[in-house]
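Below: the structure, in structure tokens.
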Amino acid sequence: MKSIMQIKQILAEAAIGSEITVKGWVRTKRDSKNVVFININDGSVIHNIQAVAEAGVINEDTLKLITTGSCVAVTGTLIASQGSGQKVELQISSVQVYGTADPDRYPLQPKKHSLEFLREIAHLRPRTNTFSAILRIRHALAFAIHKYFNDNGFFYLHTPIITGSDAEGAGEMFRVSTLDAKNPPLNEDGTVNYKEDFFGKETNLTVSGQLEGELGAMALSKIYTFGPTFRAENSNTARHLAEFWMIEPEVAFYELEDNMALAEGFTKYVINYALENCADDLAFLENRLKDEEKSKKAEERSELDLIQKLRFVVDNEYVKLTYTEAIQILLSSKRHKEGKFQYPVQWGIDLQSEHERYLVEKHFKKPVILTNYPKDIKAFYMKLDDDGKTVRAMDVLFPGIGEIIGGSQREDDYSKLLKRSREVGIHEETIWWYLETRQFGTAPHSGFGIGFERLVMFVTGMGNIRDVIPFPRTPKSAEF
RNA sequence: UCCUCCUUAGCUCAGCCGGUUAGAGCACAUGACUGUUAAUCAUGGGGUCCCUGGUUCGAGCCCAGGAGGGGGAGCCA
């Protein structure tokens, strides 16, 4: 009996001489008078398998249908390759064409395409080496995240996607409604009457599962969320999506220091997992980046190759310092003294990208965890420090990506939390359920959020977040 | 949302000071080739110069408006 095997399996374990059927998509076909070569990829691994046929084995009509992008099933015998590019190849005995791909219309050619062009054909780009590698790494990272938390006693908590709370303050929200947009029911004062809406109130897509995550942590002690998150911000950058995936651990009895250790251990684990399980894909992306760097000026080239860079993060301790210490470093920097920062540096400012980049990429040259920010530039739920000026916040900054994690120890004192929420204008009737956790068995606890796509960007070395998610959603763009 | 750059063949791009019939490489088609590696060689087909309006004897090129995209900033993850 012929076995259907994935190319990954064949290359790893199939015995010479075995009869095999490969099913996949044709990358290239090369033929000469006596022999034809077909390179097939099935997405299981970055490598293709080369199938070979002597002239006459495949009839001419079938051969014509085998073009770049077509889908085929090839049956044959695995033999040692005479060529130098591969160890084994499939000696074809029969070919079935599942689906043709008209070369005049199929947009993927056996050549390099720009990432911008591939974004316009997002329905086909997973068939390229670059995107299949990214998608495999994305999968591996997602799996590693669940594995890390599971192995460390965390429970996966599903927080709501549609939320009735509008108090997270994490950004603009997408409204969820079944009301007739052209003719909504109105109140007497002319405003929309959401009592008539599906849920009987205004609802939105979630911008964060954190508040609900805290509810879980107050029962299960260690939880994490991993789900889609939506922000209706008009952000047009290579680092923002309107729909992205976020991981948010929340842990009872953790203080800020424990939270920092969790963030460091977690990121190192998942990056190391990719290094150990995605070596071929990472090597491919590293070479791709090297090619790209050749067209850059020498001073803009990165000092480390992709894999070296990932190793470096895994092998070195993150720098930990307070916001106040960071401001001091910036103030005493040559760049500040020469007036080269575009934005002024002063205690109390929210650090700008240029400041974060200076700290991470120039000063320390490794991941940095900044803590204890001024309370006025951070969220209402962060625990106030004893000095009354700063909060127990932490941001993890990665080279090239910037902020990859934002987190904090949460305010567990009911009266302080209530006071702070009033100060920032959040009505207690909208978050009464959140406030109650501080009235019923409150506990010190901490957590953070990490943008999944930003992590995938860092691991793959991709420069645009639209290229690490299969179907990016950004302002003015929701194709596919 | 702001600043900035870009839009010419399927793709990546060139196109001089505004002047005849808009070019190249790759891709594609056809042919050649005794095992190729994004094969090679030869030949060939292929254009709404993003859209609208304007200036001009004449616009791919200049001007105005619009659309789409890239990079940077803000906001953040």
Side-chain angles (χ1 to χ4, degrees), chain A residues 27-39 47-55 64 67-69 79-86 89 91 101-121 128-129 168-172 207-210 228-248 263 291 295 300 342-343 350-357 377-379 395-398 401-407 448-458 463-469 474-477 479:
Chain A
R27 286 295 176 78
T28 58
K29 180 183 75 174
R30 296 174 292 277
D31 48 1
S32 63
K33 200 173 183 181
N34 299 330
V35 65
V36 56
F37 300 96
I38 305 167
N39 276 55
H47 307 294
N48 302 327
I49 192 158
Q50 173 164 285
V52 197
E54 303 293 323
K64 279 200 168 150
T67 58
T68 299
I79 59 170
S81 179
Q82 296 174 34
S84 59
Q86 56 285 315
E89 60 193 11
Q91 177 110 53
D102 179 359
D104 284 334
R105 289 190 53 226
Y106 187 65
L108 289 172
Q109 304 162 357
K111 59 169 281 189
K112 213 168 203 136
H113 292 288
S114 68
L115 295 171
E116 291 83 2
F117 173 66
L118 292 173
R119 259 170 239 155
E120 292 170 13
I121 51 165
T128 63
N129 285 332
E168 281 97 340
E172 292 292 315
V207 293
S208 165
Q210 183 202 311
T229 309
F230 307 88
R231 305 257 170 108
E233 301 284 351
N234 191 11
S235 297
N236 294 287
T237 81
R239 293 184 180 79
H240 289 86
L241 291 166
E243 175 182 302
F244 64 101
W245 289 67
M246 191 153 64
I247 301 109
E248 294 175 292
D291 279 349
S295 60
E300 285 173 11
Q342 198 189 332
Y343 290 87
D350 206 350
L351 294 178
Q352 303 295 317
S353 284
E354 59 171 347
H355 304 139
E356 294 180 350
R357 292 185 85 106
I377 59 171
K378 286 292 178 186
D395 282 2
V396 181
L397 310 177
F398 265 31
I401 307 291
E403 185 181 341
I404 193 167
I405 288 178
F448 60 81
I450 174 166
F452 184 50
E453 282 74 18
R454 293 206 178 154
L455 177 68
V456 181
M457 279 177 85
F458 183 76
N464 193 313
I465 200 164
R466 293 166 196 138
D467 297 328
V468 299
I469 187 166
T474 54
K476 297 280 185 303
S477 174
E479 277 302 311

Closest to the A:Pro103 side chain, choosing from B:C75, B:U36, B:A29 |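 The listed nucleotide nearest to A:Pro103's side chain is B:A29.
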
Given B:C28, B:C75, B:A73, the nucleotide with the shortest approach to the side chain of A:Glu233: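 Per side-chain heavy atoms of A:Glu233, the pick is B:C75.
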
Would you state whether a donor and an acceptor, one from the side chain of [X] and one from the base of [N], lie under 3.5 Å apart?
X: A:Glu116; N: B:G70; result: no
X: A:Glu89; N: B:G35; result: yes
X: A:Glu54; N: B:U34; result: no
X: A:Lys111; N: B:C11; result: yes
X: A:His113; N: B:C11; result: no
X: A:Asn236; N: B:U1; result: yes

Name the pairing partner of [N], where a pair is Watson-Crick or G-U wobble with both distances under 3.5 Å, or state none.
N: B:G58; value: none
N: B:C2; value: B:G72
N: B:G47; value: none
N: B:G10; value: B:C26
N: B:C33; value: none

Quick check: do [X] and [Y] have side-chain heavy atoms less than 4.5 Å from each other?
X: A:Ile401; Y: A:Leu455; result: no
X: A:Asp291; Y: A:Lys112; result: yes
X: A:Glu120; Y: A:Glu479; result: no
X: A:Asp467; Y: A:Arg119; result: yes

Please determine if a side-chain N or O atom of [X] lies less than 4.0 Å away from the OP1 or OP2 oxygen of [N].
X: A:Arg119; N: B:G70; result: yes
X: A:Asn234; N: B:U1; result: yes
X: A:Ser114; N: B:U12; result: yes

Nearest-Å distance once atom C1' is located in both B:U1 and B:G45:
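Pairwise C1' distance, B:U1 against B:G45, rounds to 47 Å.
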
